[in-house]
Amino acid sequence: MLKEMPFNLDPVSLARHIEKFPNTRVLVIGDIIMDEYIWGDVSRISPEAPVPVVDVKRETKMLGGAGNVVSNIASLGGEAILCGVVGDDSRGRQVLKMLKTLGASTEGILQEPGRPTTIKTRVVAQHQQVVRVDRESRKEILPQSVGKLLGFVNKMRKDIHAVVVSDYAKGVISPQLMKGLREIVADSGIVLGVDPKKSHFEHYKGIDVITPNHHEASAFSGIEIVDEGSLEAAGHKILRDLKCRSVLITQGRDGMTLFEKKREPVHIPTVARKVFDVTGAGDTVISTFCLGLAAGMDLKSAALISNFAAGIVVGEVGTSTVKAEELKRVIFERLRKG
């Protein structure tokens, strides 16, 4: 039986660590995505085909993928640096403008000619996603782009506390990039964390932390996760195979489970009161987890605040972020009750 993490950590201590976030610098490298939402209402079915007709009310655009990780870090008060590739197009220029609005550096972003900036367009009606349209390239970025990204990370090495790899399998993350990242952060004390894609797990050996969802954990381990026993087996196999420091498996409505070397795994039950949309929840988990570790939290404390942060964002429709004060409020509410 999995041990459940008691909510008995000191909320004052956790809050003090969160107050260190403004002095914590995290470099995010990965696939940059533009998330576009078309919001409307549905009251009839099209006479042309058996599909709903959406009466559009408004449209919004926000940073997704690695960009959403940066948004989460900035919202929590941390300093974020984004490193990745966009196209030499209007969407790419819009991404750069949005980052500057956030106060995030754009020095590490390359514009690769002939490559489109990834955009995911979601049509939402009555709080339900009707359809998603993706415009993207999944080809690997050019070898010279990999070299330039690693050169930028190496230049920033002495000024960062963590590196977050945000892998959406859009061409940025490769064996060569991961090998270069491991070499750059080796023996530096920099936390190296990955929000993974199941097809790339073999790239992630030797990292510090990884945050797969239960589907990704099941696919990589080859163990179908159906109960606590299979969950434990999958988590331990990932720890062994990747030789990483910890594995945090997110389980949606069932919370998350933390695996550490030479320690018993612990389950953290969800604190979400309502679940409208899980879009971007993985970004929130890896952002909060690595920011917490970089600010000096231990693994269990960082995992717990990640769980609280994820519980906030899944209660909102559309990619969203958490503010530090909101996270501290939830911490005091939940831990004082505990």
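What you are looking at is a predicted structure, and each value in this text was computed from that prediction instead of being measured.
Contact detail for I223 and S230: the closest heavy-atom pair is CG2-O, 3.7 Å.
Side-chain N or O atoms of N307 include one that pairs as donor or acceptor with a backbone N or O of P269 at under 3.5 Å. Under the 3.5 Å distance criterion, the side-chain polar atoms of D35 are left unmatched by any main-chain donor or acceptor of M62. Under the 3.5 Å distance criterion, the side-chain polar atoms of T117 are matched with a main-chain donor or acceptor of G92. No donor-acceptor pair under 3.5 Å is formed between the side chain of R245 and the backbone N or O of V191. Judged by distance alone, with hydrogens and angles left aside, the side-chain atoms of E216 form a donor-acceptor pair with the main-chain N or O of N213 at under 3.5 Å. Checking side-chain atoms of H161 against main-chain N and O of R25 turns up a donor-acceptor pair under 3.5 Å.
Side-chain polar atoms of S75 and N72 form no donor-acceptor pair below 3.5 angstrom.
Cluster partners of V226 are absent, since no Ile, Leu, Val, Met, Phe, Trp or Tyr has side-chain heavy atoms less than 4.5 Å from it. V130 forms part of a hydrophobic cluster together with I38, V42, V54, V56, V123, V131, judged by ILVMFWY side-chain heavy-atom separations under 4.5 Å.
Tested against E36, the residues R91, R135, R122 include a single salt bridge (charged side-chain N to carboxylate O under 4.0 Å, His left out) partner, R135.
Side-chain atoms of S287 and V69, non-hydrogen and from C-beta on, do get closer than 4.5 Å to each other. Contact of the V163 side chain with the I29 side chain is registered, since non-hydrogen atoms from C-beta on lie closer than 4.5 Å. Counting only heavy atoms from C-beta outward, the side chains of I32 and V85 never approach each other to under 4.5 Å. Between L82 and T106 the shortest side-chain heavy-atom distance does not fall below 4.5 Å. Residues L231 and H214 are not in side-chain contact: their nearest non-hydrogen atoms beyond the backbone lie 4.5 Å or more apart. Side chains of T211 and P196 form a contact here, defined as non-hydrogen atoms less than 4.5 Å apart. The shortest side-chain heavy-atom distance between L299 and L293 falls under the 4.5 Å cut-off. Between K197 and Y204 there is a side-chain heavy-atom pair separated by less than 4.5 Å.
Residues that satisfy the ring pair (Phe, Tyr, Trp, His ring centres under 6.0 Å) test with F220, not counting sequence neighbours, are F201.
When hydrophobic clusters are built by joining Ile, Leu, Val, Met, Phe, Trp and Tyr residues whose side-chain heavy atoms come closer than 4.5 Å, directly or via intermediates, L181 is not grouped with I73. Note on L248 and I238: separate hydrophobic clusters, where clusters join Ile, Leu, Val, Met, Phe, Trp and Tyr whose side-chain heavy atoms are under 4.5 Å apart, directly or indirectly. With hydrophobic clusters built from ILVMFWY side chains whose heavy atoms lie under 4.5 angstrom apart, V164 shares a cluster with L99. Grouping the Ile, Leu, Val, Met, Phe, Trp and Tyr side chains by contacts below 4.5 angstrom, directly or via other members, places M98 with V70.
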message: Using the rule given for side chain to side chain donor-acceptor pair (under 3.5 Å), can you reason through S71 versus N68, listing the C-alpha separation, both sets of side-chain angles and the distance that settles it, and then say yes or no?
response: CA-CA 5 Å; S71 294; N68 188 44; 4.6 Å; no
message: Under the criterion side chain to side chain donor-acceptor pair (under 3.5 Å), I'd like the reasoning laid out for S145 against E112: C-alpha separation, chi angles, the key distance, then a yes or no.
response: CA-CA 8 Å; S145 295; E112 197 170 275; 2.6 Å; yes
field: Derivation of the side chain to side chain donor-acceptor pair (under 3.5 Å) call for T118 and E136
entry: CA-CA 4 Å; T118 299; E136 64 190 20; 4.7 Å; no
- prompt: When you look at F308 and V322, which way does the side-chain contact (heavy atoms from CB on, under 4.5 Å) test go after all the steps?
  reply: CA-CA 10 Å; F308 288 152; V322 180; over 6 Å; no
K120 and Y168: CA distance, side-chain angles, deciding distance, side-chain contact (heavy atoms from CB on, under 4.5 Å) verdict: CA-CA 12 Å; K120 297 182 180 182; Y168 278 77; 4.0 Å; yes
- request: Evaluate the criterion side-chain contact (heavy atoms from CB on, under 4.5 Å) for residue pair L63 and L102; output intermediate values, then yes/no.
  value: CA-CA 10 Å; L63 295 167; L102 267 180; 3.8 Å; yes
message: What verdict does the side-chain contact (heavy atoms from CB on, under 4.5 Å) test give for S301 and H17, after you've listed the backbone C-alpha separation in whole Å, the side-chain angles of each residue and the deciding distance to 0.1 Å?
response: CA-CA 10 Å; S301 298; H17 279 95; over 6 Å; no
query: After noting the C-alpha distance and the side-chain angles of D195 and S166, does the key distance pass the side chain to side chain donor-acceptor pair (under 3.5 Å) rule?
result: CA-CA 5 Å; D195 185 14; S166 179; 5.0 Å; no
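How far CG of L14 is from CE of M297: 5.0 Å, rounded to the nearest 0.5 Å. A distance of 12.5 Å separates CH2 of W39 from CD of Q126, quoted to the nearest 0.5 Å. Distance NE2/H267 to CG/L258: 11.5 Å, rounded to 0.5 Å.
Between E264 and K3 there is no salt bridge, since no side-chain N of the basic residue sits under 4.0 Å from a carboxylate O of the acidic one. Between E325 and R329 there is no salt bridge, since no side-chain nitrogen of the basic residue lies less than 4.0 Å from a carboxylate oxygen of the acidic one. Looking at R115 and D88, no side-chain N of the basic residue comes within less than 4.0 Å of a carboxylate O on the acidic one, giving no salt bridge. We find that R16 and E19 are not joined by a salt bridge, their nearest charged nitrogen and carboxylate oxygen being 4.0 Å or further apart.
Shown here is R138, whose CZ atom has no more than 12 heavy atoms of other residues, nucleotides or ligands within 6.0 Å.
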